[in-house]
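The structure appears below as structure tokens.
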Amino acid sequence: MTVTLADVAARAQVSPATVSRVLNGNYPVAASTRERVLKAVDELDYVLNGPASALAAATSDLVGILVNDIADPFFGIMASAIQAEIGGPGGRAGGERLAVVCNTGGSPERELTYLTLLQRQRAAAVVLTGGAIEDAPHRAAMDVKLRKLAEAGTRVVLCGRPQAPETGAIALTFDNRGGGQELTEHLIGLGHRRLGYIAGPQERTTTRHRLEGHRAALAAHGIEEDPRWTVHGRYDRRSGYEATLELLRRDPSLTAVVAANDSVALGACAALRESGLRIPDDVSVAGFDDLPFSIDAVPALTTVRLPLAEAGARAGRIAMGREEAPADGIAVVRGELVVRGSTAAPRG
């Protein structure tokens, strides 16, 4: 049932005129009253200028792009490619569309808040990038929010995250399992049997899928994983540095370190060098994503190349209705193993 401005007024125990003043921001309202009104808006999931008969579809020129961290090249590359496809004519009356990049900082609450704000603005499209958070209540709340956006006419595209069934969202999902398995298969093929693994945050789907691929490769070759060989941390250089020191403390005999992404791999390389170990002579290092700096590392990083720019551009075209959505609402985007100088056969 459609929530009206009068419903919000009744919940907040104010007049409809007061609700209108709070939402339009064009008249002074007491702070306590404003707080009551905004709380009622959130509780009722009221959409400003919501789906009345003349506004049933998303008609604004706004497009939202949600990222975890715009300073991370992984997200920056995708966001830039998405925005490039959104620019140009295509809005109402042939005008420009406005792309807004929403930086969640990895916060589940901010993710939901941004979606709510975009819903209230009747966004033409929303593109969510990167892995999803593995938390049942948050996943349920996200499914409801995505479904409401789609039902209101907003095109919803997931770029680099798993499909959200029954939400109406289109998913371009990265094959993180396959890439993780191929990367570890490469190291095993070189002769490595004692492989440390620096995983990302435990609550992220990307973390689980890449780690599952790594473990599948170990199992396929009969290598029993030592619990000491896996350390979780953030997707950044400092985490890679600290995790590598911890891995060396736990088992100094490791001959390879597999990192959750290329930034983590750079930190791992720094820790190994400071520990007096040579790459790849003493310890091989591998990353994931093939970010622009990977080829300039010393030695250049072996990694899995994800087509971030291509996937982002495709997500942007689908969001703008300029490319047909994939069959069944999902397309798997596969990575490519790139072998460089940071990996070699173990000594002895």
Side-chain angles (χ1 to χ4, degrees), residues 1-12 19-20 22-24 37-68 82 86 91-92 97-104 107-173 205 315-316 318-321 325-326 328-330:
M1 187 175 71
T2 302
V3 177
T4 66
L5 187 134
D7 295 327
V8 176
R11 173 67 68 92
V19 174
S20 180
V22 170
L23 295 179
N24 291 326
V37 170
L38 294 178
K39 182 180 180 183
V41 167
D42 284 337
E43 290 175 347
L44 296 174
D45 204 15
Y46 174 68
V47 179
L48 183 63
N49 293 330
S53 58
L55 296 171
T59 56
S60 80
D61 291 331
L62 181 68
V63 176
I65 304 170
L66 271 66
V67 301
N68 271 8
I82 294 166
I86 289 168
R92 290 178 297 179
R97 292 197 187 275
L98 173 65
V100 177
V101 178
C102 306
N103 196 80
T104 69
S107 165
E109 293 78 15
R110 294 304 301 166
E111 189 171 54
L112 286 168
T113 297
Y114 280 130
L115 289 177
T116 298
L117 294 172
L118 291 165
Q119 180 186 7
R120 290 177 187 166
Q121 295 298 321
R122 305 192 321 280
V126 174
V127 182
L128 296 90
T129 64
I133 297 169
E134 298 207 292
D135 173 79
H138 178 70
R139 186 166 60 248
M142 284 290 292
D143 285 352
V144 169
K145 188 65 65 178
L146 296 180
R147 187 159 47 247
K148 287 186 176 182
L149 280 163
E151 289 172 352
T154 297
R155 294 193 187 95
V156 181
V157 183
L158 312 178
C159 184
R161 69 169 58 194
Q163 187 180 31
E166 300 180 6
T167 64
I170 304 301
L172 305 180
T173 183
T205 54
I318 292 172
M320 292 298 93
D328 301 321
I330 183 171

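Quick caveat, the model's predicted, so the values are computed rather than measured. In this chain, residues are counted from 1 in sequence order.
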Would you check if Met320 and Val63 make a side-chain contact, meaning some heavy-atom pair closer than 4.5 Å?
yes

Student check: side-chain heavy atoms of Leu118 and Leu66 closer than 4.5 Å:
yes

Looking at Tyr46 and Thr4, what are the two nearest heavy atoms and their distance?
CE1-C, 3.7 Å

Which atom names give the shortest non-hydrogen contact between Ala319 and Ala125, and what distance separates them?
O-CB, 3.7 Å

Can you measure from CG (Asn68) to OG (Ser107) and round to the nearest 0.5 angstrom?
10.0 Å

What are the two closest heavy atoms between Ser60 and Ala124, and how far apart are they?
O-CB, 3.4 Å

Rounded to the nearest 0.5 Å, how far does CG of Asp143 lie from CD of Glu166?
8.5 Å

Atom NZ of Lys39 and atom CG of Leu44: how far apart are they, to the nearest 0.5 Å?
11.5 Å

With rounding to the nearest 0.5 Å, note down the distance linking CD in Glu151 to OG1 in Thr167.
10.0 Å

Ignoring hydrogens and angles, tell me if any N or O in the side chain of Glu43 forms a donor-acceptor pair with the backbone of Arg11 under 3.5 Å.
no

Looking only at heavy atoms, which two atoms of Ala164 and Leu146 are closest? And how far apart?
CB-CD1, 4.3 Å

Using a 4.5 Å cut-off on heavy atoms from C-beta on, say whether the side chain of Met142 contacts that of Ile133.
no

Is a side-chain N or O of Thr104 found less than 3.5 angstrom from the main chain of Arg110, in a donor-acceptor match?
no

Drop me the distance from Gln121's CD to Gln119's CD, to the nearest 0.5 angstrom.
11.0 Å

Check whether any side-chain heavy atom of Val127 sits under 4.5 Å from a side-chain heavy atom of Ile318, and report yes or no.
no

Indicate yes or no: at least one non-hydrogen side-chain atom of Thr173 is less than 4.5 angstrom from one of Leu158.
no

Kindly indicate whether the side chain of Arg155, heavy atoms from C-beta on, has any atom under 4.5 Å from the side chain of Ile170.
no

Say you draw a straight line from CG of Leu62 to CZ of Arg122; how long is it, rounded to the nearest 0.5 Å?
10.5 Å

Contact check, side chains of Val156 and Leu128, non-hydrogen atoms, under 4.5 Å
yes

Search all heavy atoms of Leu172 against all heavy atoms of Pro326 and return the closest pair with its distance.
CD2-CG, 4.4 Å

Between Ile82 and Thr129, is any pair of side-chain heavy atoms under 4.5 Å apart?
yes

